[in-house]
Engineer: 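The following block contains the structure, expressed as structure tokens.
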Amino acid sequence: MSIQANAEHVASYYAATAHPVPERPALVGDIECEVCVVGAGFTGISAALHLAEQGLEVVVLEAARVGFGASGRNGGQIVNSYSRDMDVIEARYGAGTARALGDMAFEGNRIIRDRIAGYEIACDLKQGNLFAACNRKQLEGLREHKALWERYGNRQLELLEGEAYRREIGSERYVGALVDHSGGHLHPLNLVLGEAAAFESLGGKIHEQSPVLEVRHGESVTLRTPSGSVTARRVVMAGNAYLQGILPELEGKSMPCGTQIITTEPLPEALRRELIPHDMAVEDCNYLLDYYRFTADGRLLYGGGVNYGGQDPADIAAVIRPKMLKTFPQLADARIDFAWSGNFLMTLNRLPQFGRLNDNVYYAQGYSGHGVTCSHLAGKLIAEVMRGEGERFEAFAGLPHLPFPGGRLLRVPLSALGAWYYATRDRLGW
Ligand SMILES: Cc1cc2nc3c(=O)[nH]c(=O)nc-3n(C[C@H](O)[C@H](O)[C@H](O)COP(=O)(O)OP(=O)(O)OC[C@H]3O[C@@H](n4cnc5c(N)ncnc54)[C@H](O)[C@@H]3O)c2cc1C
């Protein structure tokens, strides 16, 4: 995704309610540092903060603003684990890999909570998230999901079978749900802004409006921006779906996808209690899933839809509002105040891509739709590997990742065809 010069945050509910931030001038001139991080989303800022806590001198280069990408515009749902579950990981990559990844499946969630508590970040944190089954097959899947996560230590799950889900969701659409009481939701832009401020409080430097245009590899790595350069001993690439054109090695094995969100006007408390009585976040179990929750000021924030290749629909509300009304016809008269979209990065096996290029350029990307927790874990693992404790980072880095079939030209139509197939299966309940 190319980012226009001087790009600002997308006009979202989050940008409208973001905490004030200091001036972070663009990089001018040539500087040196120990570690340079490219991209100020959750991955980049989590890595930068962990590294600064280890006492390293870190500079972050951000093409636009802190939280400009997916991290500042997502559904805000704290969903545990990965976009592929440990049973699939075990079947494909063996019990050892599944155990290693399973042991970390709930850690990203804990890191977020530690950050919020430790640095007193005000970001509207609320407890609990739900996976809602649209058909019997999905409910069976949730039962297995619960058993699997319990094996890896999550004891805060509750399966609501049949009508019991109505305790949590005032919709006719479902046949059951799984509650994860350890999940939650929050204002993601204020979280990443708070983490950036924490990083700066430890002496870290962030340059906004400083896109990296070229990476010159070597014993030290030089990153060139429009008005300067950073030469660093080690680099973290954290551009995810918005990285374009500077590291083709990473681009062929992933695909940017767009997804869209709307928010209603603030709703009366009685209506809010009817729709989501305990104020949890919800996502359904469809391949092309809907996800929703209430904001701190009582708006329903509703997301869904996927565009392969990351092209935005012309009228976002026209695409997402009918989905919202299918779930909650009670909202027919609710005004839509905000509509925006953002890009996440999909990989073919839907597992994140961690690794390094030339020994000193580290990367973590491709959380395939569930990245709020895993991006936080990624930052911690990058800090670990840089201090010589690479075992946990290598467990991810060892996962094989194939290029999308059809290469760059055909990956969008082929993936759209695959998505159509899965969406049809969801509709028919296969
Ligand atoms: C609409 C939407 C809803 C989502 N909802 C959820 C959810 O509810 N729960 C969940 O778990 N996940 C969700 N996700 C996924 C999640 O938001 C992402 O996986 C996660 O935020 C990725 O973080 P990141 O830091 O890797 O990437 P990003 O947040 O995209 O950050 C990348 C940053 O790199 C910068 N950059 C790129 N190229 C350069 C360059 N050349 N030079 C300098 N800077 C550069 C960009 O400007 C950007 O700020 C959603 C994603 C979207 C788009």
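Both backbone and side-chain heavy atoms feed into the values below; hydrogens, waters and symmetry mates do not. Note that the numbering runs from 1 along the sequence shown for the chain. Every number for a ligand or one of its atoms is a count from 1 in the order of the listing.
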Engineer: Please test Leu331 against Leu271 for side-chain contact (heavy atoms from CB on, under 4.5 Å), starting from the C-alpha separation and ending with a verdict.
Structural biologist: CA-CA 9 Å; Leu331 295 178; Leu271 181 55; 3.8 Å; yes

Engineer: Among Asn240, Thr373, Thr43, find the one that has a side chain to side chain donor-acceptor pair (under 3.5 Å) with Tyr367.
Structural biologist: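 Option passing the side chain to side chain donor-acceptor pair (under 3.5 Å) with Tyr367: Thr43.
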
Engineer: Check each of Tyr242, Phe68, Tyr367 against atom 37 (C) of ligand 1 and report the one with the nearest heavy atom.
Structural biologist: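 That would be Tyr242.
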
Engineer: Ring-plane angle category for Phe338 and Tyr13, please: parallel below 30°, perpendicular beyond 60°, tilted otherwise.
Structural biologist: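 Rings of Phe338 and Tyr13: perpendicular, as their planes differ by over 60°.
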
Engineer: Polar contacts were defined as any N/O atom of the residue lying under 3.5 Å from an N/O atom of the ligand; does this apply to Arg73 and ligand 1?
Structural biologist: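 No; the residue has no nitrogen or oxygen that sits under 3.5 Å from a nitrogen or oxygen of the ligand.
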
Engineer: Pick, from Gly75, Ala63, Gly369, the option with the minimum heavy-atom distance to atom 43 (C) of ligand 1.
Structural biologist: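 Among Gly75, Ala63, Gly369, the closest heavy atom to atom 43 (C) of ligand 1 belongs to Ala63.
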
Engineer: Quick one: sort the Tyr165 and Tyr174 rings into parallel, tilted or perpendicular, breaks at 30° and 60°.
Structural biologist: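 Answer is perpendicular, since the angle exceeds 60°.
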
Engineer: Are any of the N/O atoms on Ala70, whether in the backbone or the side chain, positioned under 3.5 angstrom from an N/O atom of ligand 1?
Structural biologist: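 There is such a contact, yes.
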
Engineer: Quick check on the 6.0 Å ring-centre criterion: do Tyr292 and Phe328 meet it?
Structural biologist: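 Ring centroids of Tyr292 and Phe328 are less than 6.0 Å from each other.
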
Engineer: Regarding ligand 1, does Gly371 bring an N or O atom to under 3.5 Å of one of the ligand's N or O atoms?
Structural biologist: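 Looking only at distances, the answer is yes, because the N/O contact criterion of under 3.5 Å is met.
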
Engineer: Geometry only, no angles: is Ser71 polar-contacting ligand 1 at N/O separations under 3.5 Å?
Structural biologist: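 Between Ser71 and ligand 1 (N or O atoms, distance only) the closest approach is under 3.5 Å.
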
Engineer: Using a 4.0 Å heavy-atom cut-off, say whether Ser341 meets ligand 1 through its side chain, its backbone, both or neither.
Structural biologist: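 For Ser341, there is no contact with ligand 1 at all, from either part.
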
Engineer: Which of the listed options, Asn240, Val38, Val37, Ile78, holds the heavy atom that is closest to atom 27 (O) of ligand 1?
Structural biologist: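 Comparing heavy atoms across Asn240, Val38, Val37, Ile78, the nearest one to atom 27 (O) of ligand 1 lies in Asn240.
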
